[in-house]
Amino acid sequence: MATTSVQSQLNQQVLQFLSKPKKILIDGKWVDAVSGKTFATLDPSTEEPLVQVAEGDKQDVDLAVKAARRAFENGPWRTMTASERGRAIWKLADLMEQHLEQFAELETLDNGKPISVARAADVPLAVDLFRYMAGWTTKIEGATIPISVPYTPGAKYLSYTLREPVGVVAQIIPWNFPLLMAAWKLGPALATGCTVVLKPAEQTPLSSLLLGELALEAGIPAGVLNIVTGFGETAGAALAAHPDVDKVAFTGSTEVGKLVLQAAAGNLKKVSLELGGKSPNVVFSDADIDTAVKGAASAIFFNHGQCCCAGSRLYVENNIFDQVVEGVSQQAKKIRVGAGMDPKTQMGPLVSHEQLQRVCGYMESGLTEGAKAVTGGKRAGTKGYFVEPTVLVNTNPKMKVVQEEIFGPVVTAIPFKDAEDIVSSANDTVYGLAAGIWTKDISKAHQLAAQLKAGTVWINCYNIFDAALPFGGYKQSGWGREMGKDVLELYTEVKAVCTRIG
Ligand code: NAP
Ligand code: MG
């Protein structure tokens, strides 16, 4: 591991974890990539490598899928009782909680996010998700169904449905909430009795690897959870196309989501997609302005804007536009930008050089096309992938900064006239992931909520997540819902059983 200025502050167990090259998990064993290749994962605040990680590709994916298939068809996972499966998942959650500090530090080192946020949000939410899903194992039920069958008059039937695990599942996840995205995917797959091959993002593999170690310790049988680290174009593409994978669950860009869908067509595997967003956040003049200003700032600047549901289009009613823009800009200026391991940091670096270029490219394009930065608008410093929290005004609906997902701490503030005007503006996007509404008029809020094409609508709050609340997108923001009981449908098949009894 390269010597970094933060190394001395790190937990001993984290240092130990980073002292050894990271391997792939197949059939309960940690192995090198078949090719022997490795790649470095970086600390985005220093641009220094943290540790070498095995670079899995198609050959490793084949082995991992084989292990997952064996574990699904023959292993104890499917035959153990639902209660036993639930206890193993709960135990994993307990172990994660015991390793909270380790997870938080790995997440901060690998992704760049503030350690305070990793401790308070990423890790506890992931633990809670596993506990919530552990509770579902014993409640995945079919139904008894009265049938009439007009062409067999007088016959009697007993008909019921079973909900069975879909099988071997490929899960491809992004870098913005590495551990939490792994939990969102693995929780329901394990609860329903599926087996998994997980591919973490190349930028942030570390917390998934620690999770793999703890899953074995929790007694989740060999082959149930396999983890192949590597690149999207090789390992990810091989998983999406694999003929022996029954389902692929993907979170990431809409562009790659479409590639995953095409690759999945080969064997018509089931597909669920959690993709990008360009979420409208609407502030009415009758809102509590102070709360709305703080909420709007947090909606875009939380996790450095690297949230699929970031409130990136801020719509403000005409008569309070200047006041709200000024307030959000003041909030932006107050944000302490720095290395995530510094406990005082409120915003860390972007995850990679690629993201830095992408976000700076969007800011430049907006400014060139005539937008004005009330605050921010450029990179911060020269080392580490830091950018300034940015508020843009004077945009028009055609600009790239208004239409496309930036995935950085950049908000476009846009005035609107009235409740009618806002519906068409808010829905004027190919995305439909989330939306925010700030008003004291609760009837107006719910009327607008019904008209917005978004999978989640937050009223007088933003970025509120809970394991019990489904999350996912309308339009090009995705297919299916994660979390809540809705997600169980993505990981189960329904079997109808019909018996003639008279
Ligand atoms: P991405 O390319 O869509 O990556 C997401 C995951 O897909 C990663 O594990 C990636 O692997 C993998 N992948 C890449 N190409 C693949 C392929 N051809 N087949 C199968 N898997 C593939 O996202 P990104 O490049 O990390 O970020 C780009 C943009 O995606 C962001 O700016 C943002 O707009 C969006 N994004 C959205 C979310 C969300 O939660 N909705 C999260 C992250 C990013 P590698 O990382 O190893 O390449
Ligand atoms: Mg990294």
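Worth knowing before you read on, the calculation uses all heavy atoms, side chains too, and leaves out hydrogens, waters and symmetry mates. Both ligands and their constituent atoms are indexed starting at 1 by order of listing.
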Side chain, backbone, both or neither: the part of Q203 lying under 4.0 Å from ligand 1 by heavy atom: side chain

Protein heavy-atom partner closest to atom 11 (O) of ligand 1 - residue, atom, separation in Å: K199 NZ, 3.1 Å

Close-contact set for ligand 1 against E274 heavy atoms, below 4.0 Å: 41 (N)

Protein heavy-atom partner closest to atom 27 (O) of ligand 1 - residue, atom, separation in Å: W175 NE1, 3.6 Å

Which atom of V228 lies closest to which atom of G56, heavy atoms considered: CG1-CA, 4.0 Å

Non-hydrogen atom of Q355 closer than 4.0 Å to ligand 1: yes

Under-4.0 Å salt bridge between D428 and K398: no

Top protein contact for atom 7 (O) of ligand 1, by heavy-atom distance: F250 CE1, 3.1 Å

Within the 6.0 Å centroid threshold, strictly below: F471 and W184: yes

Main-chain N/O of P243 paired with N267 side-chain donor or acceptor, under 3.5 Å: yes

Check: F231 ring centre within less than 6.0 Å of F39 ring centre: yes

Under 4.0 Å to a heavy atom of G230 - the qualifying atoms of ligand 1, by number: 47 (O)

Ionic contact status for K66 with D62, cut-off 4.0 Å: no

Per-atom contacts, ligand 1 versus N176 - under 4.0 Å to a heavy atom: 40 (O), 42 (C)

Ion pair R119/E101, N-O distance below 4.0 Å: yes

Contact bool for atom 4 (O) of ligand 1 (protein heavy atom, d < 4.0 Å): no

Electrostatic pair R336-D342, nearest N-O below 4.0 angstrom: no

Heavy-atom nearest neighbour in the protein, as seen from atom 41 (N) of ligand 1, with distance rounded to 0.1 Å: L275 O, 2.7 Å

Heteroatom distance test (E405, ligand 1): nitrogen or oxygen, under 3.5 angstrom: yes

Proximity of Q306 to ligand 1 by residue part, where a heavy atom lies under 4.0 Å: neither

Stepwise side chain to side chain contact (heavy atoms under 4.5 Å, CB included) test for V14 and L109: CA-CA 10 Å; V14 169; L109 288 173; 4.2 Å; yes

Residue F231 vicinity, atoms of ligand 1 by number, heavy atom under 4.0 Å: 47 (O)

Region of I173 engaging ligand 1 - heavy atom pairs below 4.0 Å: backbone

Candidate with minimal heavy-atom separation from atom 21 (N) of ligand 1, of A170, G277, G236: G236

W458 ring center within less than 6.0 Å of F465 ring center: yes

Identity and distance of the protein heavy atom lying nearest atom 43 (C) of ligand 1: P174 CB, 3.3 Å

Closest protein heavy atom (residue, atom, distance) for atom 48 (O) of ligand 1: E202 OE1, 2.8 Å

G232, any N or O under 3.5 Å of ligand 1 N or O: yes

Region of R358 that comes within reach of ligand 1 [heavy atoms, distance under 4.0 Å]: side chain

CD (E255) with more than 12 external heavy atoms under 6.0 Å: no

Within 45° cone and under 6.0 Å: K199 NZ/CZ vs F250 ring: no

Residue selection (non-hydrogen contact nearest atom 37 (C) of ligand 1) among A240, C308, G252, A241: G252

W30, CH2: over 12 other non-hydrogen atoms inside 6.0 angstrom: yes

For atom 30 (O) of ligand 1, the protein heavy atom that lies nearest, with its residue and separation: S253 CB, 3.0 Å

Identity and separation of the nearest protein heavy atom to atom 12 (C) of ligand 1: I172 CG2, 3.6 Å

